[in-house]
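Throughout, protein chains are lettered first and strands after them, A, B, ... in sequence-line order, and every chain is numbered starting at 1.
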2 protein chains.
Amino acid sequence: MITEPNLGLRDRKRLETRLRLEDAAVTLVLRDGLEHTTVDVISELADVSPRTFFNYFESKDAAILGLRQVEIAESELAEHCDRVAENGLLDTVIHLLLTVIGPPSTRPTMREDRLEILRRHPQLLTTQLAQFTQLTTEVASAVTALVARDARFAGDSPAEQAASADLVLSLCGGAVRVAVKEWAEMNPTDAEGAAEQLESRAISLAREVSVKLS
Amino acid sequence: MITEPNLGLRDRKRLETRLRLEDAAVTLVLRDGLEHTTVDVISELADVSPRTFFNYFESKDAAILGLRQVEIAESELAEHCDRVAENGLLDTVIHLLLTVIGPPSTRPTMREDRLEILRRHPQLLTTQLAQFTQLTTEVASAVTALVARDARFAGDSPAEQAASADLVLSLCGGAVRVAVKEWAEMNPTDAEGAAEQLESRAISLAREVSVKLS
DNA sequence: TTGCGCCACTGCAAATTTACAGTGATGCAA
DNA sequence: TTGCATCACTGTAAATTTGCAGTGGCGCAA
């Protein structure tokens, strides 16, 4: 059991429960197939009640695919706003994206297992796509809020701010995507603690490009 | 991990938490001594917050000695009352006593460990004694309620009922004590599932005597 | 003696989990 | 076609856990 530092007891247990549910879902689907894996047995294997399952995931598919519920609370946004002053907009948006995507699972083979599941049950791709769409929308509005609070865009019109937010999101999204791809291509044994490096790698990618373009 | 049957998810987890706390307390006291074992480290080893510790035990000593908080809820009493109709008063009181004492821990060496702790830290005997006193008092009032609901004592005065309750409690307490002593003297390897036999042994002891005296 | 820190323990509000009783969709057997 | 069972999912109240800010005792150093 990898102990997550910087996390209080409550948050650590929440994370562990989420991972137990994802592990149980993936394991059971691989063993018994999608239709024979009910929410009840997933919850039983994860040692929580079925109702708790739906406190963590919007649907059975979401647990199988590891899709997190996307909703940026006002308080959370405030934290990110504080980051803007210290670290700049790019860093903040990248941090926000990684927060939304969530920490990669502890199980090393999780990625391969999920790809195998998608291969066997292509209907899950629908859920996958829908989630990506919603995720982009949600994050976009948050980024808009962040841009509106940034001094450099303070005088712009709302329309201009929205456009800037879209561009910032594109840039940061691309940086995260590249960083994740690099991470995904790493030798699994090297993946130790790469989660933290993911953020700094994405940030330096984004900064590089933005400096070159400025 | 021994799975307890007949128990819902909520009750099973509550039992596991209690046992984790008792295990942690005994382990740490044996390793580090009584004064170096704080509630904080016990809770940390049991993976709950220190506040939760005090939801389960009235004091640090209670956890070390495995003394359960004694309080017989109205609903619990109602269940026991149902047993009176089916099984008779003696069976019911004995069942109540064993419920209050609580199921023996899963760890086989727990008894020896606690005796060793009492040897090293005799001041814990004070807590032990105090608890026994309170336990007797609490159970006594419950037994009084049970007697009051028993058809054979229905016509008696409250004073007579109270006296009968005391005698019934003495008899059943003695039976349980003898049964526990027999159990404690068993070869530890034979102690498998003896918890259930404990009750039937105590019941037959009490019945034997009451038949002989009637 | 005084202050300071550690520790046992408590009160309380907020977060989390559970039990339970639903609803609606879907498949399957009579 | 008509139940009937199963399953995904939801609303809600109650149980449980946690964080936090205490209180009070006690030892120990200045």
Let's go through E22(A) and R18(A) carefully: what are the C-alpha distance in whole Å and the side-chain angles of both, what is the deciding distance for salt bridge (Lys or Arg N to Asp or Glu O under 4.0 Å) to 0.1 Å, and is it a yes or a no? CA-CA 6 Å; E22(A) 292 186 10; R18(A) 184 197 309 285; 5.1 Å; no
Given the rule in the side-chain contact (heavy atoms from CB on, under 4.5 Å) test, do D91(A) and H95(A) qualify, once you have shown the distances and angles that lead to the verdict? CA-CA 6 Å; D91(A) 304 44; H95(A) 185 75; over 6 Å; no
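Nearest-nucleotide mapping onto DNA chain D: of L34(A) and G8(A), the residue sitting toward the 5' end is L34(A). Of the two residues near DNA chain C, P50(A) and R14(A), the one whose nearest nucleotide lies more 5' is R14(A). Along DNA chain D, the nucleotide nearest to K13(B) and the one nearest to E35(A) differ in position, and the one closer to the 5' end is contacted by E35(A). Where R10(A) and V48(A) each meet DNA chain C at their nearest nucleotide, the meeting point lying more 5' is that of R10(A).
When distances run from any side-chain atom of S49(B) to the nucleotides dA19(C), dC9(C), dT18(D), the shortest one goes to dT18(D). For K60(B), taking side-chain heavy atoms from C-beta onward, the closest of the listed nucleotides dT17(C), dA19(C), dA8(C) is dA8(C). Closest to the side chain of N55(A), out of dT18(C), dG19(D), dA8(C), is dT18(C). Counting only heavy atoms from C-beta on, R51(A) has its side chain closest to dA19(C) among dC9(D), dA19(C), dA8(C).
For F54(A) and dT18(C), the CZ to C1' distance is 15 Å, given to the nearest whole Å. Between the CD atom of E44(B) and the P atom of dC7(C) there is a distance of 13 Å, given to the nearest Å. Computed from coordinates, the D40(A) CG to dA5(D) P distance equals 17 Å when rounded to whole Å. A straight line from CG of L9(A) to C1' of dT16(D) spans 13 Å, rounded to a whole angstrom. Counting to the nearest Å, the C1' atom of dA15(C) and the CZ atom of R18(A) are 15 Å from each other. In this structure, CG of D47(B) is placed 19 Å from P of dT16(D), rounded to the nearest angstrom. One can place CD1 of I42(B) at 11 Å from C1' of dA8(C), the figure rounded to the nearest angstrom. For the pair E16(A) CD and dT17(D) C1', the computed distance is 15 Å after rounding to whole Å.
Between Y56(B) and dT17(D) there is a side-chain N or O to OP1 or OP2 distance below 4.0 Å.
Counting any heavy atom pair closer than 4.0 Å across all strands shown, T37(A) reaches sugar-phosphate atoms only and no base atom. Within 4.0 Å of T38(A), counting heavy atoms only, lie sugar-phosphate atoms of the nucleic acid but no base atom.
Taking the side chain as every heavy atom from C-beta outward, S43(B) and T52(B) never approach each other to under 4.5 Å.
The line from CG of L146(A) to CD of Q161(A) is 11.5 Å long, rounded to the nearest 0.5 Å.
Counting only distance, with no hydrogens or angles, the side chain of R120(A) and the backbone of G33(A) share no donor-acceptor pair below 3.5 Å.
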